[in-house]
Amino acid sequence: KFFVREAEEESPVSVWILIDASASMGQADRSAPDWSRLDAAKLLGLCIAELAQMQGDRFGWIALQSGALGLAEPRGGRAQIDRLQIDFARLQAAGTFPDAGTLAPLWERIGAHDLVVFLSDCFDEGGIALIERLAKAGREVLAVQMLTVEERDFPFDGGYRFLDQESGDALIGDGKALRETYLGRFAAARASLDARLDNAGIRHTVYVLDEAIDRPLQVFFGRGAPPA
């Protein structure tokens, strides 16, 4: 079985899909403007739900967005798949990551032995703190950092205005001149995040929007990532 804790091989597992729906998840690449990281997270979430359904595990989801959580309790059956598809079709990236008060109901829902899959760009400190706390409380946590191709490669030449979708902060600069500094800082930030998640005992991987959607599942449940 894919979703089995090593210490509880015969115990039923509830799988929780935590999907970040803050504004930054709406980011897409110029070459594929209709394929945002939220679109990819939704499809990946559906794949996880299908896996859970195939092996008889219950699954639920929580859409993480400022103001309120979109929450569906874990259940099994095709009707649950249908409900997920309807909910995800309505879900749009907006606002900021939820604060502690908004997240409070989450702690009453996710059981001590449940499996949590976190789908996010992992740019919000609140999101990383959330999964660290879940892991510390005994939940098994898997994290997928959703990145755009442009974030990975920074293929910009000429003048650009770079805009933070959540804060509204802007940076105007020459792409070519910024590339080396950006790539160095981005690599350092990713290494810092990797170390932090490793320290918390959280299994994690990165998904980039030009990759096969099942790549994270291959990393977690298969025999490693397929060739790029």
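Since the model is a prediction, treat every value here as computed from it, not as a measurement.
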Return the minimal non-hydrogen interatomic distance between Cys122 and Ile128, and the atom names on each side. CB-CD1, 3.8 Å
Residues Leu209 and Ala28: closest non-hydrogen pair is CD1-CA, 4.5 Å
Backbone of Gly77 reached by a side-chain donor or acceptor of Gln80 within 3.5 Å: no
Beyond-backbone contact of Gln85 with Asp82, side-chain heavy atoms, under 4.5 angstrom: yes
Run Ile19 and Leu91 through side-chain contact (heavy atoms from CB on, under 4.5 Å) and show every step you take. CA-CA 10 Å; Ile19 184 167; Leu91 185 61; 4.1 Å; yes
Please walk me through it: do Val141 and Leu115 pass side-chain contact (heavy atoms from CB on, under 4.5 Å)? CA-CA 6 Å; Val141 181; Leu115 174 66; over 6 Å; no
Assess the residue pair Arg185 and Glu180 against the criterion (salt bridge (charged side-chain N to carboxylate O under 4.0 Å, His left out)); give the C-alpha distance rounded to whole Å, side-chain angles, the decisive distance to 0.1 Å, and a yes or no. CA-CA 9 Å; Arg185 290 182 177 178; Glu180 184 175 352; over 6 Å; no
What pairs meet the side chain to side chain donor-acceptor pair (under 3.5 Å) rule with one or both residues in residues 60-72, with sequence neighbours excluded? Trp61-Asp87
Would you say the side-chain atoms of Arg139 pair up with the backbone N or O of His113, donor to acceptor, closer than 3.5 Å? no
Decide if atom CZ of Arg196 counts as having more than 12 heavy atoms of other residues, nucleotides or ligands within a radius under 6.0 Å. yes
Would the distance check show the side chain of Asp99 and the main-chain N or O of Thr102 forming a donor-acceptor pair, the cut-off being under 3.5 Å? yes
On the six-membered ring of Trp16, is Arg58 placed so that its NZ or CZ lies under 6.0 angstrom from the centre and within 45° of the ring axis? no
What's the spacing between Arg109 CZ and Asp114 CG if we round to 0.5 Å? 12.5 Å
Side chains of Leu71 and Leu106, heavy atoms from C-beta outward: is any pair under 4.5 Å? no
Between Phe118 and Leu142, is a side-chain contact (heavy atoms from CB on, under 4.5 Å) present by the stated rule, with each step listed? CA-CA 6 Å; Phe118 182 62; Leu142 308 178; over 6 Å; no
Any chance you could measure Asn199, atom CG, to Asp194, atom CG, to the nearest 0.5 Å? 12.5 Å
Which residue is it: Leu44, Leu38, Leu46? I am looking for the one with a side chain to side chain contact (heavy atoms under 4.5 Å, CB included) to Lys42. Leu38
Flag, side chain of Arg215 to backbone of Tyr207, donor-acceptor distance under 3.5 Å: no
Separation of Gln55 CD from Glu50 CD (nearest 0.5 Å): 12.0 Å
Minimum heavy-atom distance between Asp124 and Ser24, given as atom pair plus value: OD2-OG, 4.5 Å
Between Ile213 and Ala40, the two heavy atoms sitting closest are CD1-O, 3.5 Å
Rounded to the nearest 0.5 Å, what separates atom CG in Leu51 from atom CZ in Phe59? 10.5 Å
Have Asp29 and Ser31 got a donor and an acceptor in their side chains that come within less than 3.5 Å? no
Would a distance-only check, ignoring hydrogens and angles, find a side-chain to backbone donor-acceptor pair under 3.5 Å from Asp39 to Ser36? yes
Output yes when a side-chain donor or acceptor of Tyr182 lies under 3.5 Å from a complementary backbone atom of Phe186, and no otherwise. no
For residues 143-151, run the donor-acceptor check on the side chains, cut-off 3.5 Å, and write out each pair with its distance to 0.1 Å, sequence neighbours left out.
from   : atom 1 : to     : atom 2 : distance (Å)
Gln145 : NE2    : Asp121 : O      : 3.0
Thr148 : OG1    : Glu151 : N      : 3.0
Thr148 : OG1    : Glu151 : OE1    : 3.3
Glu150 : OE2    : Arg30  : N      : 3.1
Glu150 : OE2    : Arg30  : NE     : 2.8
Glu151 : OE1    : Arg37  : NH1    : 2.7
Glu151 : OE1    : Thr148 : N      : 2.9
Glu151 : OE2    : Arg37  : NH1    : 3.0
Glu151 : OE2    : Arg37  : NH2    : 2.9

Intermediate values then yes/no, side-chain contact (heavy atoms from CB on, under 4.5 Å), Asp153 and Leu183: CA-CA 8 Å; Asp153 299 341; Leu183 291 175; over 6 Å; no
In Å, rounded to the nearest 0.5 Å, how long is the span from CD1 of Ile62 to CG of Leu64? 6.5 Å
Quick one: does any side-chain atom of Asp20 pair with a main-chain N or O of Ser22 as donor and acceptor, under 3.5 Å? yes
State the CG-CG distance between Leu103 and Leu134, to the nearest 0.5 angstrom. 9.5 Å
